J.: 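Let me begin by handing over the structure; questions about it come next.
Computed from a predicted structure; not experimentally measured.
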Amino acid sequence: MDQSDQNSVPGLEAIPESATRPAQVKMPEPAALHEPERVHVTGTPIFDLQGVSIFYGSFKAVTNVSLTIYEHEITAFIGPSGCGKTTVLRTLNRMNDLVPGAHVEGDVTYRGESLYGKSVSPIAVRRRIGMVFQKPNPFPKSIYDNVAYGPRINGIHNKGKLDEIVERSLRQAALWDEVKNRLKNSGLGLSGGQAQRLCIARTLAVEPDVVLMDEPASALDPIATGAIEDLMKEIKDRYTIVVVTHNMQQATRVSDRTAFYSVLVNPESDTRTGTLVEYAPTDRLFGDPQDDRTKAYVTGRMG
Amino acid sequence: MTAITAEQKPDLREPKGWRRTKNRTMTALMVLSFILVIIPLAFVLITVIGKGASAISWSFLTSDIPPQTSPVGVGGIGPAIVGTLEITAVATVMAVPLGILGAVYLNEYGGRNPLSAFIGFMADVMTGVPSIIMGLFIFTVWTLHFGLSGFGGALALACLMLPIVIRSSYEILRLVPNSLREGSYALGASKARVTVTVVLPAAIGGIVSGSLLAIARAAGETAPLLFTIGAAHTTNTNVFSGANTSLPSLIFVNASSPYAGAEALGWGAALTLVAIAFILMIAARLVTARFARYTH
């Protein structure tokens, strides 16, 4: 790597590499410049996808996706529009079941259990695998009722217990201080960033195992985005997070592993099918991409 | 401040020419249309209030209906008010829950299956059935077997209200954003739970106002009641048996009467009916506001 010229002054080794680098050097940074403890320790597999293809009716939206997602990591899905990253994400908690004609081929397992097995209830799946959507979608209810919604449908009606869950979830979502005096106000009165954190709090209130996030910060300003990214890093030791993002900087900032998806265009039938191109620890994917398409995308020459 | 010459100033006035002419013509046409629409409404209100207000009194609202030949100021419309309220209430109890459930089925459960398409189509056809045909239908299937009663009238009104409630509720349910449903599903809610706890509360304002419109429409219907409730001059609080009466029926009979007393009674009844419809509309607004407090 290019360390030798940077480290020509003796005694500077202890200072983080990034501090000595010229300011104009942009991402992607070489892999070696990241803190070494960041990834590479492989935890318990949560999701395992083998040869997954996803169809809407007869249209094949995504083909040949195989990857493993690990516990207490943040896994980012990146890629150009139409590459199927959201479709794959929605496969992980069976949200695609709600789309008429959608079906999945290949193996999708969650903690060793087939997600699309005959006896699997999508409701039971979604209680363990929550989802935060691209556009904040608070219910037209009070802030309190928004957060208490999930616990209530799980049968918790004790007022004291609900109060406790609501406060804890809003604190985890870094929203408590802003709304603690107006819990009875409508959730629709919040700003975009607050509404998205409310939706995150609502998801955390049911204490899911996994939180899926579909471009959670794409509609937000940089400050709200930063708040949500900090939040993701804070909660990842308790949850496993899979995040779809259009923002490569965001992927490098928050994620442990990154999956790069791309589009296969069939000029004969004029159909576009998404597929997984490369999946690696984030620093390796951005620092040393193996596939030319990944290389072009992460260096900004495409998409 | 530096001086700005006239040439430097941008011209921010509305541009002259065809566009401005078009804009002004259309605005004038819209104001004119509004006035044209208001005129008949104002005349109806002025006439009904002018001719009916003098008849209104507490005893008018509560007394029994007098014979047609009675002089002006004798008797009242108490039985017709009670009849209208009870018949409409029974019709509402039958049609509104069924209609809302029908709309929920069509929008949330039916999807694109043939049964749901068929039901939706039949509801639309039913909207177009003339109200007198509804009356005849109930006359043949109910009144001929069980006799005249307020309930027969309520059945006919319910048939009339049902498609209106289905259609208006369905349109409102369609407006509930799918993202709300997904948000609920993502928390592990079942379809029934999503419908009851998210979709219906989000749509309740529109559903209530649609239903109240249907109720107001039914309260003012005459034709379906012609063959089904008969005529009564005293209050009949039992909606299930015996002839009954209603405000529209009373107005219908008295409007064609040659006697001044009956005619005055008819105008008073007309004003009362308008007032009831008005109160229902205000109730609709209040209820909608009450349910919609979290939607803004």
J.: Check T203(A) against L187(B) and note the closest heavy-atom contact, atom names and distance.
T.: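 The pair with the smallest heavy-atom distance is CA-CD2, 3.9 Å.
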
J.: Under 4.5 Å heavy-atom distance to chain B, tell me which part of M131(A) shows up: side chain, backbone, both or neither.
T.: both

J.: Might you point out which heavy atoms bring V194(B) and Y149(A) nearest each other, and give the distance in Å?
T.: CA-OH, 4.3 Å

J.: Evaluate whether atom CZ of R128(A) has more than 12 neighbouring non-hydrogen atoms of other residues, nucleotides or ligands under 6.0 angstrom away.
T.: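 Not more than 12 within 6.0 Å, no.
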
J.: With a 4.5 angstrom heavy-atom cut-off, is it the side chain or the backbone of R202(A) that approaches chain B, or both, or neither?
T.: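 For R202(A), backbone and side chain are both near chain B.
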
J.: Report which part of I129(A) has an atom under 4.5 Å of a heavy atom belonging to chain B: side chain, backbone, both, or neither.
T.: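 When you check distances to chain B, only backbone atoms of I129(A) fall under 4.5 Å.
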
J.: Tell me the closest heavy-atom pair linking R193(B) and R152(A), and the distance in Å.
T.: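 For R193(B) versus R152(A), the nearest heavy atoms are NH1-O, 4.3 Å.
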
J.: Is the CZ atom of F278(B) crowded by more than 12 outside heavy atoms at less than 6.0 Å?
T.: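 No.
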
J.: Roughly how far apart are R181(B) CZ and N137(A) CG, rounded to 0.5 Å?
T.: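 Taking CZ in R181(B) and CG in N137(A), the distance rounds to 12.5 Å.
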
J.: Report the distance from atom CG of L180(B) to atom NZ of K141(A), rounding to the nearest 0.5 Å.
T.: 9.5 Å

J.: So with a 6.0 Å cut-off around CZ of R111(A), is the heavy-atom count from everything else above 12?
T.: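 Yes, enclosed.
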
J.: Heavy-atom cut-off 4.5 Å, strictly under: side chain, backbone, both or neither for P122(A) against chain B?
T.: neither

J.: Does NZ belonging to K191(B) count more than 12 external heavy atoms closer than 6.0 Å?
T.: yes

J.: For F137(B), look at atom CZ and say whether over 12 heavy atoms of other residues, nucleotides or ligands are found less than 6.0 Å away.
T.: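 Check fails, neighbour count at 12 or below.
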
J.: Which of the residues L212(A), L98(A), V206(A) is involved in the greatest number of heavy-atom pairs with chain B at under 4.5 angstrom?
T.: L98(A)

J.: Using a cut-off of 6.0 Å, state whether more than 12 heavy atoms not belonging to F59(A) lie near its atom CZ.
T.: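 Yes - once you tally the heavy atoms of other residues, nucleotides and ligands closer than 6.0 Å, there are more than 12.
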
J.: Mind listing the closest non-hydrogen atom pair of P100(A) and R112(B) along with its distance?
T.: CB-NH2, 3.1 Å

J.: Return the CE to OH distance between M95(A) and Y185(B), rounded to the nearest 0.5 Å.
T.: 9.0 Å

J.: Which bit of I123(A) is near chain B, if near means a heavy-atom gap under 4.5 Å: side chain, backbone, both or neither?
T.: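 The answer is both parts of I123(A).
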
J.: Do other residues, nucleotides or ligands put more than 12 heavy atoms under 6.0 Å from K161(A) NZ?
T.: no

